[in-house]
Amino acid sequence: MQTTPPSLKFLSVVVVVAACVGSHRAAAFDDAVTENELAQFYGFSGVELYKLDGRAFSLVHADFDSDGLDDLVAVDNRASCLRLFRQQKEAEPGQGKTSRYVNDLASDWRFDVRQISVDKQVAGLVASDFNGDGRTDLAYVGVPDRLVIRYQPEKGKTEWTERWSVRLPDLAPAAWMIATGDLNNDKRADIAVLGKNATHVIFQEDDGSMKAPESLINTSAQLALVQIADLDGDGLQDLSYQANEGSDRGLCARLQTKDGRLGPEVRFDLNQPRSVTLFDVDKEPGKEILTVDSRTGRVQVSKLQHTKRQEDDLPARLVQYGIGAATGREKRAIAIGDIDGDMLSDVVVTDPENAQVLVYRQNGIDGLGTAETFPGLLGAIDVCIADLDGDQHAEVILMSDKESAIAVSRFKDGRLVFPEVVARPIDGHEFAAMTILRQKDKTLLAACMKKGSGSSASLKLRLLNTSGDESWTDAVDVQTLPPAAIGTRGMNLLSLDADGDAIDDLLAVPSGAGNKGVVLLPTAAEGAANGRWKVEPLNLGTASAGELFVHGRELYVAREAFARKMTFEEDEWKIADQFNAGESKARLAGVAVVDLDGEADPEVVLVDTGVKKLRVLRKNNGLYRPWKEVELGSLRFASAHVADLNGDQQDDLLLCGSQQFAVLYSGQANSELTEVATYESDRDDAYAADVIAGDINGDGNVDLAVIDTSIDGVEILRLDKDKGLQAATHFRVFEEKRLVSDSSARGTEPREGAIVDVTGDGRNDLILLCHDRLIVYPQDSGVDTGSSSTDSPSASE
């Protein structure tokens, strides 16, 4: 008899299978309705234990010695190795290792346990063929910043000596930060690694070598649990991960397009899942999403589906594009325009800390592509896009206070060239803000300069002739702005034709607390003052330009729980309409006007950060009424913009945030998570922690093995297409003396698992990582040998 440590006993589990073998198993399921009746169709022939470090993790399975049998590998950082459990064809019971210590549990006989030495602490592990030679290799993240591939040796050799590695910057080492799959539809295994600010994608070349890493800018600094699988059933593998924003957690997906590229991020609400597992449960195209809801403990099976857009409908969610985390005092600026001359609007975002610009060009298929990075100005605080020289290619105009320059960049030969300086501030001043003024057939640049700081700064305005020459000339003399035009956090300039004379006027918007309101600066031809600069500031109670939206001659203002439409009539501002959110929790951070339904009157969109929703109001019988709501998610709203961003001749809504911008494509089809099945245990103290999927009774259908820490064991669920998830049986894996009574305070043991054939009999077995053991439950054959079993849970106790 083997002895165990006094606080821990591993239990051997057998469910006796009687009068049902082979195809009789599946047939008998039709009449099984209770847990006891289902239990008879699941059985294990015993339990096998293998010594492993108590912190071992990242269990993967594949054929790692080219003998046609599945093996297991786990990370063992304490021993600085990858622990390889090699399945032996000729091994027999009784060949296991013995121990000289009476209380040690010696490893069983089935595996030949070997080590693959590593020289760095390992943070995550995956397996696939990374050089196209037909053998399964290993890839892992080596702390702090290395991706390492270990290539499987030729058959008959045991040393894993061949390797490839690359440095990946800004990693935050964690389990499940690496995944593998075909991300460009070339039938080769690629690798994705989550970083702090970007997800690194390493594609495999046709010759089996790995390309230089490419970066996808993250939309959040709290991404985890990256996985690669076909989520939408189109035969292409997609990239998914979990986003954690405070108490909000959601599943994010970048769906692969037909031309072999990863699309923007779409985020789905999963009600704060404890775990996310992707597995083909129903044998239909696309893998299902298996989750455990942390609030209710329910096990849920969901499926991602595309739904056709109805005539009177909107997309259910925003599409997100990462722009990088905001650092330092400089905020990112954004502008929209056609910079490459393809008659499609593109998006440009400044990266002031890294002296570069991010360009998101329309791909002509489904909207904006991923970010392209080009050199820019250090400390670029503002950006504009305008066709300055009439060549049908809009130029990118950058303003930098650190470099004291306004510079122009043009798109040539597939890239933005380095910006050329065209203007400097006057002596003793620095640039503060700029905007484009369109005056009939001319384009001027309004550039505001400040001297001093805060609301006491003196302001000067230069109206520059954008002639396209190497240096720009002043259209009129430098003019002094009212002190009220700047706030404690600076200012912004907006343009609108307030008085309807076809000449853009200026709107100076102070930023920060204590400002006295926005200041309208009417202009005449060539930008000269026309005698009406003494318009009283409009105290709107706003703190930033993001709360304002210009639509033609109208100015929309978001404030608290309502928004107002303002017009400038007879040299004064007047309130033309008001739009109320109608909810006590509402906090409107922005407003926009956009035609989302193709009808005559555009819709008014209220950006409500209080309830994290977009409230869309549509005109009905002369009044604007609530129409639709769209989830805003965790986006920290900064400004709203309207343009056709997918080439369908219909305007879309872009919302800029601190770390991403999001687009509501008005004509796009919906993607929805549809619930397939759900299960909640009858036990009050049940605590489902993770889900392992696979066929563990040989009937050809997928079962779910749920790790339940309330019983220190596993609950097995059967998915019936008509009856949903049904409890089949549950068993305890170990017994342990506890000082806690709350099931949620028990930790996660078993902590990992897999369902795979490691006995070579063609039947999947259940494998668990628990404490300092790898536990194997070989699937019972279902054949009644005529002998009674004594290897039951009570017998082991």
Side-chain angles (χ1 to χ4, degrees), residues 145 147 166-172 177-179 183-184 190-203 211-226 228 238-245 250-257 261-267 318-328 330-336 339 346-363 366-376 380 383 396 415-416 633-639 641 645 654-663:
D145 58 2
L147 170 67
V166 66
R167 178 180 175 273
L168 301 177
D170 297 325
L171 298 184
M177 64 182 297
I178 182 173
L183 291 175
N184 58 356
D190 310 309
I191 298 173
V193 180
L194 290 180
K196 294 178 183 178
N197 302 313
T199 296
H200 306 283
V201 181
I202 301 91
F203 293 103
K211 294 183 180 179
E214 299 181 14
S215 295
L216 300 173
I217 301 176
N218 293 342
T219 61
S220 168
Q222 303 294 323
L223 302 184
L225 198 62
V226 63
I228 297 175
D238 311 305
L239 181 68
S240 74
Y241 40 83
Q242 186 173 319
N244 306 317
E245 295 286 352
L251 178 73
C252 301
R254 290 181 180 267
L255 303 179
Q256 188 178 161
T257 62
R261 56 183 173 80
L262 290 174
E265 178 186 287
V266 183
R267 187 172 296 191
L318 300 168
V319 177
Q320 300 194 101
Y321 300 78
I323 61 176
T327 58
E330 307 291 3
K331 292 185 178 181
R332 297 171 185 268
I334 189 170
I336 300 175
I339 67 169
D346 312 303
V347 175
V348 174
V349 181
T350 63
D351 184 358
E353 295 294 324
N354 296 305
Q356 60 185 12
V357 292
L358 309 176
V359 176
Y360 303 78
R361 288 193 289 160
Q362 282 198 50
N363 53 46
D366 53 8
L368 299 174
T370 54
E372 301 173 80
T373 305
F374 300 106
V383 60
V396 176
R415 56 156 294 173
L416 278 180
S634 59
L635 184 138
R636 298 178 181 178
F637 175 79
S639 60
H641 309 265
L645 297 175
L654 183 150
L655 305 174
C656 186
S658 61
Q659 194 163 345
Q660 76 269 57
F661 68 82
V663 179

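Values below: every heavy atom of this structure, side chains too, minus hydrogens, waters and symmetry copies.
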Specify the closest pair of heavy atoms between I323 and G657, including all atoms of both residues, with the distance to one decimal. CD1-O, 3.7 Å

Considering non-hydrogen atoms only, spot the tightest contact between I334 and S639 and give its length. CG2-OG, 4.2 Å

Treating R267 as the side-chain partner and Q320 as the backbone partner, does any N or O pair qualify as donor plus acceptor under 3.5 Å? no

When rounded to the nearest 0.5 Å, the distance separating CG of L225 from CG of L251 is 9.0 Å

Looking only at heavy atoms, the pair that brings Q256 and D238 closest together is N-OD1, 2.8 Å

With heavy-atom distances below 4.5 Å as the criterion, would you say the side chains of I336 and L645 are in contact? yes

Is there a side-chain contact (heavy atoms from CB on, under 4.5 Å) between L318 and L655 once you walk through the steps? CA-CA 9 Å; L318 300 168; L655 305 174; 4.2 Å; yes

Atom CD in E353, atom NZ in K331: separation rounded to 0.5 Å? 13.0 Å

Is a donor on one side and an acceptor on the other found under 3.5 Å between the side chain of T350 and the backbone of P352? no

Are the charged groups of R361 and D346 less than 4.0 angstrom apart, N to O? no

Rounding to 0.5 Å, atoms OG (S240) and CG (L223) come to a distance of 11.0 Å

Any side-chain donor paired with an acceptor under 3.5 Å for E265 and T219? yes

Worked check of side-chain contact (heavy atoms from CB on, under 4.5 Å) between I178 and L147: CA-CA 9 Å; I178 182 173; L147 170 67; 3.7 Å; yes

Non-hydrogen atoms of N244 and S220 that approach each other most closely: O-OG, 4.2 Å

Looking at G195, is its backbone amide N or carbonyl O close enough to the side chain of N218 to form a donor-acceptor pair, meaning the two atoms are under 3.5 Å apart? yes

Under 3.5 Å, is there a donor-acceptor pair between the side chain of H200 and the main chain of I191? no

Side chain D170, main chain N197, donor-acceptor under 3.5 Å: no

Of all the heavy-atom pairs spanning L168 and P213, show the shortest one and how long it is. CD2-CG, 3.6 Å

So do Y360 and V663 actually touch side chain to side chain, heavy atoms under 4.5 Å? no

Rounded to the nearest 0.5 Å, how far does CD of Q659 lie from CG of L635? 10.5 Å

Student check: side-chain heavy atoms of N184 and V201 closer than 4.5 Å: no

So, taking the atom named CD1 in I339 and the one named CG in L416, what distance separates them when rounded to the nearest 0.5 Å? 4.5 Å

Nearest non-hydrogen partners of R332 and G324, listed with the distance: NE-O, 3.4 Å

Per side chain to side chain contact (heavy atoms under 4.5 Å, CB included), L368 is matched among N363, V359, V347 by V347

Are side-chain heavy atoms of P375 and R415 found at a separation under 4.5 Å? yes

Going by distance alone, is a donor N or O of one side chain under 3.5 Å from an acceptor N or O of the other, for R254 and T370? no

Check: T373 and L358 side chains under 4.5 Å, non-hydrogen atoms: yes

Output the distance between atom CG (L216) and atom CG (L262), rounded to the nearest 0.5 Å. 6.0 Å

